Amino acid sequence: MKILYKDILDEKNFTFLLLGRLFKRSSLILFSLELIWLTMELTNSSPLYLSLMVMAETLPFIFLGIYGGVKADKWNKKKIMVICDLLIAILILSIPVMFFLGFLNYFILMCIAVLISILNCFSEPSFRALLPELVTNNKLQRSNALLDSIQRGASIIIPASVGIVVKVTDQIHILTLAFILISISGVFHLLINYKVTHLNTNDSEQGTIAEIKLTVAYLKSHRNILFIIFVQGISILINTGLWRVGLPIYLDTNLGKDISTFGIITGLLGAAAFSTSIILGTLKKLNPIVIFKIGIILWGSGLLLIGLSPSIFVIYIATIIIGIGQASEGLGRIIIIQEQVPGNMLGKVFSISSSINYTSDTLSLGVISSILAIFTTSSVFLGGGGIILIIGLMGFMFFKKEK
């Protein structure tokens, strides 16, 4: 029997990268979940302090994400990942230690959250930029699909396993487990056999601002890359507030459903995205631009469907459509960037994309309450889904013109 992805898993460097990503992703999911619980315990469940803590995890990417991408293109990517894993492990372990010693407070916890986010500003672009140096172009599609599947699978399984950990030991030891997982991640990243490709001397001596300007100039002259980055940013701007605020409110006030229903919907979204990533990875070489455009159209269609007929059954169906769309869009976008952007700009381009996405996340959560105060939730889903759908359809004409 043929084993799926066997040819890719035979690549030791990729397997080490894959396992390192699995353990790191699992660790950071546990950290984020426990961060919420600790914040609520230390602040007597203050919504304001909890919001500030959530922002502490995203704001560093907005302000330092591009800078981290510049350094990812200039420094040894493997060393960046290993050092960041080590420092994150120390920071995570310090939380339960200070908790038991009675030193932990809200300010210290926020500082640790900010520091971990700053370290991820360097390790994330390094991870994305390293993959094309470890596998050949004809394996990029399946490699990215498998990496995406592993991350999405962890996002489904790890939160569900927290309850088991709590039954076995104190809840604070979720962070102890997170420390163990991130340490294992560092070991796998260390095992990667990676030789730094020779950088152009002139490029390596340029200042950070100059390199960012060069990257922006590159994006202006390669409008297809710029288009997909902004399309995803706009989609996230519309989707985040609707999904994380609008949908739970609608389920509660209009359909009389509680958090368990939202949990089922979240699980459906993750399962649909996970399955899509696996399937796309097993198919023969596909056109990533087509995958991206179809993904955006499906994403918008799902939101539009909820706006048209927001019953619980329709929401379930729309969730599956959205999950398929988001996985297709994400895989197509990553492959397009990795195949078309020069290696010495990959980190910066991925960082610019991430910074735009995190900015969209923050803005979306900031304005959604005001929008929902004026319009009904179903009409906002209808309008938001329609905008994403139109952008996706415009993509066919845009890429046809560019070609």
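Residue indices begin at 1 and follow the sequence shown. A quick note: this is a predicted structure, and the numbers were derived from the prediction, not measured. Scope of the values below: all heavy atoms of this structure, side chains included, with no hydrogens, waters or symmetry mates.
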Mind checking whether [X] and [Y] have side chains closer than 4.5 Å, heavy atoms only?
| X | Y | answer |
| --- | --- | --- |
| Phe23 | Ile182 | no |
| Lys79 | Ser126 | no |
| Leu140 | Asn144 | yes |
| Ser143 | Leu131 | yes |
| Leu38 | Ile172 | yes |

Separation between [atom1] of [X] and [atom2] of [Y], rounded to the nearest 0.5 Å:
| X | Y | atom1 | atom2 | result |
| --- | --- | --- | --- | --- |
| Ile265 | Leu247 | CD1 | CG | 5.0 Å |
| Ile352 | Lys348 | CD1 | NZ | 8.5 Å |
| Leu237 | Asp361 | CG | CG | 9.0 Å |
| Met40 | Leu35 | CE | CG | 12.0 Å |
| Arg142 | Leu9 | CZ | CG | 10.5 Å |
| Lys12 | Leu134 | NZ | CG | 14.5 Å |

Take the angle between the ring planes of Trp75 and Phe122 and call it parallel below 30°, perpendicular above 60°, tilted in between.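 Geometry flag for Phe122 against Trp75: parallel rings.
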Between Phe381 and Trp243, what is the ring plane arrangement, given parallel below 30°, perpendicular above 60°, and tilted in between?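 Ring orientation, 0 to 90° scale: perpendicular.
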Between Leu146 and Phe14, is a side-chain contact (heavy atoms from CB on, under 4.5 Å) present by the stated rule, with each step listed? CA-CA 10 Å; Leu146 187 54; Phe14 173 76; 3.9 Å; yes
Exceeds 12 heavy-atom contacts within 6.0 angstrom, atom CZ of Phe230: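 Open.
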For Ile118 and Val114: C-alpha separation, side-chain torsions, deciding distance, then whether side-chain contact (heavy atoms from CB on, under 4.5 Å) applies. CA-CA 6 Å; Ile118 290 174; Val114 170; 3.9 Å; yes
The criterion is salt bridge (charged side-chain N to carboxylate O under 4.0 Å, His left out); which residues satisfy it with Glu339, sequence neighbours excluded?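 Salt bridge (charged side-chain N to carboxylate O under 4.0 Å, His left out) list for Glu339, sorted by chain: Lys285.
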Do any pairs count as a side chain to side chain donor-acceptor pair (under 3.5 Å) and have a residue in residues 299-314, sequence neighbours left out, and if so which ones?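 Listed by first then second residue: Asn239-Trp299.
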Per the salt bridge (charged side-chain N to carboxylate O under 4.0 Å, His left out) rule, what does the pair list look like for residues 119-132, sequence neighbours excluded?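 Listed by first then second residue: Arg21-Glu124.
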Which residue pairs pass the salt bridge (charged side-chain N to carboxylate O under 4.0 Å, His left out) test when at least one of the two sits in residues 143-159, sequence neighbours left out?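 Sorted pair list: Asp148-Arg152.
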Any pair counted as ring pair (Phe, Tyr, Trp, His ring centres under 6.0 Å), so long as it reaches residues 305-325, sequence neighbours left out: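 Not a single pair qualifies under ring pair (Phe, Tyr, Trp, His ring centres under 6.0 Å).
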If a pair satisfies ring pair (Phe, Tyr, Trp, His ring centres under 6.0 Å) and one of its residues is in residues 336-363, list it, with sequence neighbours excluded.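 Those involving residues 336-363 are Phe61-Tyr358.
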